[in-house]
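Let me begin by presenting the structure, written as structure tokens, before commenting on it.
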4 protein chains.
Amino acid sequence: MSVGDTEKSTSDRGRLDKRRAIVEAALRVFARVGYAQASLDMIAAEAGVAKPTIYNHLGSKENLFRHVMTETAARANGKTMEVLESFPVEADGLRPGLEDVAGKLVACYTDEQSQAVRRLLYAEAVRFPDLFDQVRASGPDQFIEALAGRLARLANAGHLRIEDPVRAANQFIALVYEELPTLSTFGSRPLDSRDAEKVAVAGVDTFLRAFGSSGGS
Amino acid sequence: MSVGDTEKSTSDRGRLDKRRAIVEAALRVFARVGYAQASLDMIAAEAGVAKPTIYNHLGSKENLFRHVMTETAARANGKTMEVLESFPVEADGLRPGLEDVAGKLVACYTDEQSQAVRRLLYAEAVRFPDLFDQVRASGPDQFIEALAGRLARLANAGHLRIEDPVRAANQFIALVYEELPTLSTFGSRPLDSRDAEKVAVAGVDTFLRAFGSSGGS
Amino acid sequence: MSVGDTEKSTSDRGRLDKRRAIVEAALRVFARVGYAQASLDMIAAEAGVAKPTIYNHLGSKENLFRHVMTETAARANGKTMEVLESFPVEADGLRPGLEDVAGKLVACYTDEQSQAVRRLLYAEAVRFPDLFDQVRASGPDQFIEALAGRLARLANAGHLRIEDPVRAANQFIALVYEELPTLSTFGSRPLDSRDAEKVAVAGVDTFLRAFGSSGGS
Amino acid sequence: MSVGDTEKSTSDRGRLDKRRAIVEAALRVFARVGYAQASLDMIAAEAGVAKPTIYNHLGSKENLFRHVMTETAARANGKTMEVLESFPVEADGLRPGLEDVAGKLVACYTDEQSQAVRRLLYAEAVRFPDLFDQVRASGPDQFIEALAGRLARLANAGHLRIEDPVRAANQFIALVYEELPTLSTFGSRPLDSRDAEKVAVAGVDTFLRAFGSSGGS
DNA sequence: TATGAATGAGTCTTCATTCAT
DNA sequence: GATGAATGAAGACTCATTCAT
């Protein structure tokens with residue numbers, strides 16, 4: 001009467017699909033109107049499920065929010081960490097390499113979901129301080145650490161003049177992101193990607209003027 | 001008990017006092033729990049007035065929020081602009097001058113009300129985009145412009161090597177503020193002022209390494 | 001423009017009327033469908049007020065229930081205590097006196113509101129044990145004590161042979177009320193008052209057979 | 001693993017066990033939180049079955065409640081009727097015989113399940129009046145009838161002076177149970193068995209004072 | 001003008017009940 | 001027959017806003 005495990009996997013797929021639909025819909029709604037203003041009615045409608053289904057899967061509005069935030073942040077953080085794989089390791093092509101990395105980081109930063117999570121985290125920092133810490137520890141903190149490592153390696157090889165790599169890493173991203181928040185009204189507006197590109201290139205330029213071993217190359 | 005305009009001025013004083021009390025109470029409540037979660041009951045209680053009095057004075061919750069934001073932002077921006085009056089204009093004492101300015105800017109940035117406004121503006125950027133623009137135009141944009149002017153003057157005098165003063169101004173504050181938001185969890189936590197000081201000094205250092213006419217000092 | 005205190009009293013009257021209407025409506029609804037099944041919508045409709053008005057006056061469903069119970073019980077207890085004022089104090093007319101008291105007690109017991117409170121208290125004894133205690137202490141306990149006093153006085157005068165007046169008081173009302181709960185399905189059904197009367201008279205008869213100083217009078 | 005009717009009987013046993021588990025769990029839950037507050041989730045969890053299984057076996061919440069009440073009441077009534085088997089039939093040992101019966105009745109009355117059913121029946125008398133009638137007819141009414149018969153026999157033999165045996169039967173249990181409901185807060189609290197014993201003995205004493213042929217023996 | 005009281009709309013959450021497997 | 005998942009309906013409670021005084 002049935003085809004066996006295919007059927008079961010179909011059912012499981014249905015379950016997971018529904019959960020996924022809820023979480024994604026919730027992210028969209030939260031991003032659109034904020035945590036407090038988002039009603040479970042909106043989210044249920046957006047996800048195409050009944051309201052109690054959300055409770056069956058996620059338990060409560062607060063829990064739903066936490067899941068949405070951590071899962072989306074994890075995805076975004078993963079993409080950001082991948083960028084470091086193309087980080088330059090030699091003096092040869094240092095500037096274009098850094099520009100490439102900076103461009104990719106800007107792309108990650110301005111990714112729609114990434115902006116949404118960041119804005120929501122900021123907005124609800126008072127209500128969910130622990131969530132803020134958790135996301136930061138598992139994301140930005142690790143990223144800064146990794147970036148500092150790459151910079152230190154370049155410094156050791158004499159390609160950069162850096163005393164405090166962690167601080168330099170922080171300054172690198174400060175320069176690269178610079179006015180992104182302002183340009184996009186904290187992510188609530190689309191942002192011209194050429195503007196962002198220019199900012200990134202300028203940030204790399206200043207970074208190399210400050211830390212390049214021979215005034216940049 | 002008294003007559004004539006004295007009475008009227010007394011009553012006017014009372015009215016203004018009441019309005020002021022409402023706005024200040026509203027800022028505290030909004031900062032504590034956010035816009036959506038703040039109820040007019042809380043605000044009325046905190047201000048020591050009856051709920052309808054808020055409507056008499058400010059009209060609606062949204063309007064109250066707008067007034068609170070713009071008035072508080074204006075006060076904060078005023079203080080920030082004053083900092084520029086001590087901006088150095090000569091090569092002599094350039095580094096300590098910039099460090100002094102950076103320290104004062106950090107103090108302004110980390111001022112409690114200032115953080116509260118910034119956080120609320122961020123949090124409600126989607127719901128009140130016009131408010132965001134208005135505050136930015138009357139504050140940060142003017143500040144950047146003024147800062148760029150000071151930097152251009154220093155560059156013209158040969159004390160700094162700067163091509164694009166506006167960009168340099170943005171980078172200056174990016175370097176100075178750097179990780180302030182992270183350190184204070186976007187303003188929801190007190191922040192060690194010595195840490196902030198160190199960040200500011202390091203930011204100035206990097207800025208001068210990049211833009212100093214002779215490698216700094 | 002106004003007639004002075006009349007106007008104010010009118011407004012106060014309106015307030016109190018509204019509160020009274022809520023409490024009375026709540027008693028009716030609770031009695032009709034029980035605590036858990038009673039919705040504030042029903043109560044608000046029955047009282048002719050808006051739902052939040054109930055919250056303004058009474059705070060919560062639980063609190064409303066407590067007020068309804070204690071206020072109604074106090075009224076019922078008051079009436080019951082008044083019955084004792086006609087309690088016989090002499091051997092002359094002892095039996096008719098006791099029968100009169102018994103009849104009045106049955107009337108109090110079978111009073112609609114009284115039955116409703118008793119049934120609700122029983123029904124919700126698990127959820128509101130403290131309420132149960134409070135009502136019992138301020139009502140039945142005091143009544144038994146007072147009744148025991150009257151019986152003791154009769155015993156001292158030699159009109160009754162009673163060793164333990166409190167026990168005798170309990171047995172008196174046990175005999176008088178006897179099968180009232182069963183007859184009225186615990187108060188959920190009207191009860192034939194002649195049946196009740198007979199039970200009361202028979203109860204007095206048995207009581208006097210047991211405690212009368214000369215086999216009854 | 002096995003075949004034929006063994007398998008079927010095993011499965012039947014399982015089904016009946018499951019049904020029994022559901023009914024017993026339901027009684028516990030209903031007793032603990034009342035009818036309206038008891039959710040099928042609680043009951044399913046307490047019974048260790050899935051929610052739809054309850055529907056397969058009992059059909060609906062209301063039906064489940066009816067079954068639980070009637071089955072438990074039948075069990076309790078059976079035990080109560082058994083007590084009458086030891087009812088004294090001679091003048092010799094009348095008082096101790098009645099005291100023995102009274103004690104056993106109190107034990108039945110204060111049995112945990114018995115109290116739970118009584119309380120639930122009282123609590124839901126308005127919602128389930130027919131259930132109340134059904135249980136009363138099959139239980140208390142028959143018991144009173146049987147008790148009246150025993151008393152009549154004793155009266156006929158000259159051991160008691162009773163005109164209306166049914167009334168005397170009702171008064172007997174009224175005196176014996178007397179303040180049990182109050183002592184145990186209508187069964188929602190454990191009750192000191194020595195207190196109950198004393199009440200029973202005192203009830204028998206009064207009963208014999210009233211109806212004993214020679215002042216009791 | 002300032003306020004106590006009232007309310008209509010909307011929020012989160014729970015529950016009895018039913019499908020699909 | 002037993003179950004995990006889904007849902008429509010309903011409930012307690014809150015809030016921004018408006019009258020009447």
Side-chain angles (χ1 to χ4, degrees), chain A residues 1-2 7-8 10-12 14-16 18-19 22 36-44 48-57 59-64, chain B residues 11-12 14-15 18-19 22 36-44 48-57 59-64, chain C residues 1-2 7-8 10-12 14-16 18-19 22 36-44 48-64, chain D residues 11-12 14-15 18-19 36-44 48-57 59-64:
Chain A
M1 216 174 231
S2 62
E7 191 165 90
K8 196 183 171 211
T10 296
S11 139
D12 277 4
R15 294 286 149 67
L16 293 179
K18 213 142 239 180
R19 198 202 126 103
I22 291 170
Q37 232 54 19
S39 82
L40 289 191
D41 275 315
M42 295 182 205
I43 296 174
V49 301
K51 226 188 317 181
T53 304
I54 300 179
Y55 283 87
N56 287 343
H57 280 278
S60 75
K61 188 184 182 184
E62 175 171 334
N63 210 268
L64 170 60
Chain B
S11 120
D12 277 5
R15 317 223 59 240
K18 216 146 239 184
R19 196 202 127 104
I22 291 171
Q37 232 55 16
S39 80
L40 288 192
D41 276 312
M42 295 184 207
I43 296 173
V49 302
K51 232 187 314 181
T53 305
I54 300 179
Y55 284 87
N56 288 341
H57 280 279
S60 75
K61 188 184 182 183
E62 177 172 332
N63 211 279
L64 170 61
Chain C
M1 214 175 236
S2 62
E7 190 165 274
K8 197 185 171 209
T10 297
S11 137
D12 278 3
R15 291 288 146 66
L16 292 180
K18 214 144 237 178
R19 199 203 126 103
I22 291 171
Q37 232 54 18
S39 81
L40 289 190
D41 277 314
M42 296 182 205
I43 296 173
V49 301
K51 222 185 323 179
T53 304
I54 300 179
Y55 283 88
N56 287 342
H57 279 278
L58 278 314
S60 74
K61 187 184 182 183
E62 175 172 334
N63 211 269
L64 170 60
Chain D
S11 117
D12 276 4
R15 315 224 60 240
K18 216 146 238 183
R19 198 201 124 102
Q37 232 56 16
S39 80
L40 289 193
D41 275 312
M42 293 183 209
I43 296 173
V49 303
K51 233 187 314 182
T53 304
I54 300 180
Y55 283 86
N56 289 340
H57 280 278
S60 75
K61 188 185 182 183
E62 177 173 332
N63 211 278
L64 170 61

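When reading the values below, keep in mind they use all heavy atoms of this one structure, side chains included, and skip hydrogens, waters and symmetry mates. Below, read A as the first sequence line, B as the second, and so on, with proteins coming before strands; counting in each chain starts at 1. Nothing here was measured: the structure is a model prediction, and the numbers come from that model.
Rounding to the nearest 0.5 angstrom, the gap separating the CD atom in B/Q37 from the CD atom in A/Q37 is 8.5 Å. Residue D/N56 holds its CG atom at 10.5 Å from NZ of D/K18, rounded to the nearest 0.5 Å. Here OH of D/Y55 is found 11.0 Å from CG of D/N63. Values are rounded to the nearest 0.5 Å. One finds the CD1 atom of B/I43 at 13.0 Å from the OG1 atom of B/T53 (value rounded to the nearest 0.5 Å). Note: A/H57 NE2 to A/L64 CG = 11.5 Å, rounded to the nearest 0.5 Å.
Closest heavy-atom contact between B/A36 and A/A36: CB-CB, 3.2 Å. Taking every heavy atom of both residues into account, A/D41 and A/K51 meet most closely at OD1-CE, 3.1 Å.
C/I43 places its CD1 atom 11 Å from the P atom of F/dC13, with the value rounded to the nearest Å. Atom CD1 in A/I54 sits roughly 13 Å away from atom P in E/dT11 (whole-Å rounding). Rounded to whole Å, the distance from CD on D/Q37 to P on E/dC15 is 8 Å. E/dT7 atom C1' lies 12 Å from atom NE2 of C/H57, rounded to whole Å.
Stems are defined here as 3 or more consecutive Watson-Crick or G-U wobble pairs with pairing distances under 3.5 Å; those involving DNA chain F are E:2-21 with F:2-21.
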Protein N or O to nucleotides 12-14 of chain E N or O, pairs below 3.5 Å:
residue: E/dC12; atom: OP1; partner: A/A38; partner atom: O; Å: 3.1
residue: E/dC12; atom: OP1; partner: A/K61; partner atom: NZ; Å: 2.8
residue: E/dC12; atom: OP2; partner: A/L40; partner atom: N; Å: 3.0
residue: E/dT13; atom: OP2; partner: A/Y55; partner atom: OH; Å: 2.8
residue: E/dT13; atom: OP2; partner: A/K61; partner atom: N; Å: 3.0
residue: E/dT13; atom: O5'; partner: A/Y55; partner atom: OH; Å: 3.4
residue: E/dT13; atom: O4; partner: A/K51; partner atom: NZ; Å: 2.9

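Applying the 4.0 Å criterion to OP1 and OP2 of E/dA5, one finds that C/T53 has every side-chain N and O outside that range.
Sorted by first then second residue, the salt bridge (charged side-chain N to carboxylate O under 4.0 Å, His left out) pairs that include residues 52-61 of chain C, not counting sequence neighbours, number zero.
For A/N56 and F/dA6, a side-chain-to-base donor-acceptor distance below 3.5 Å is present, hydrogens and geometry of angles not being considered.
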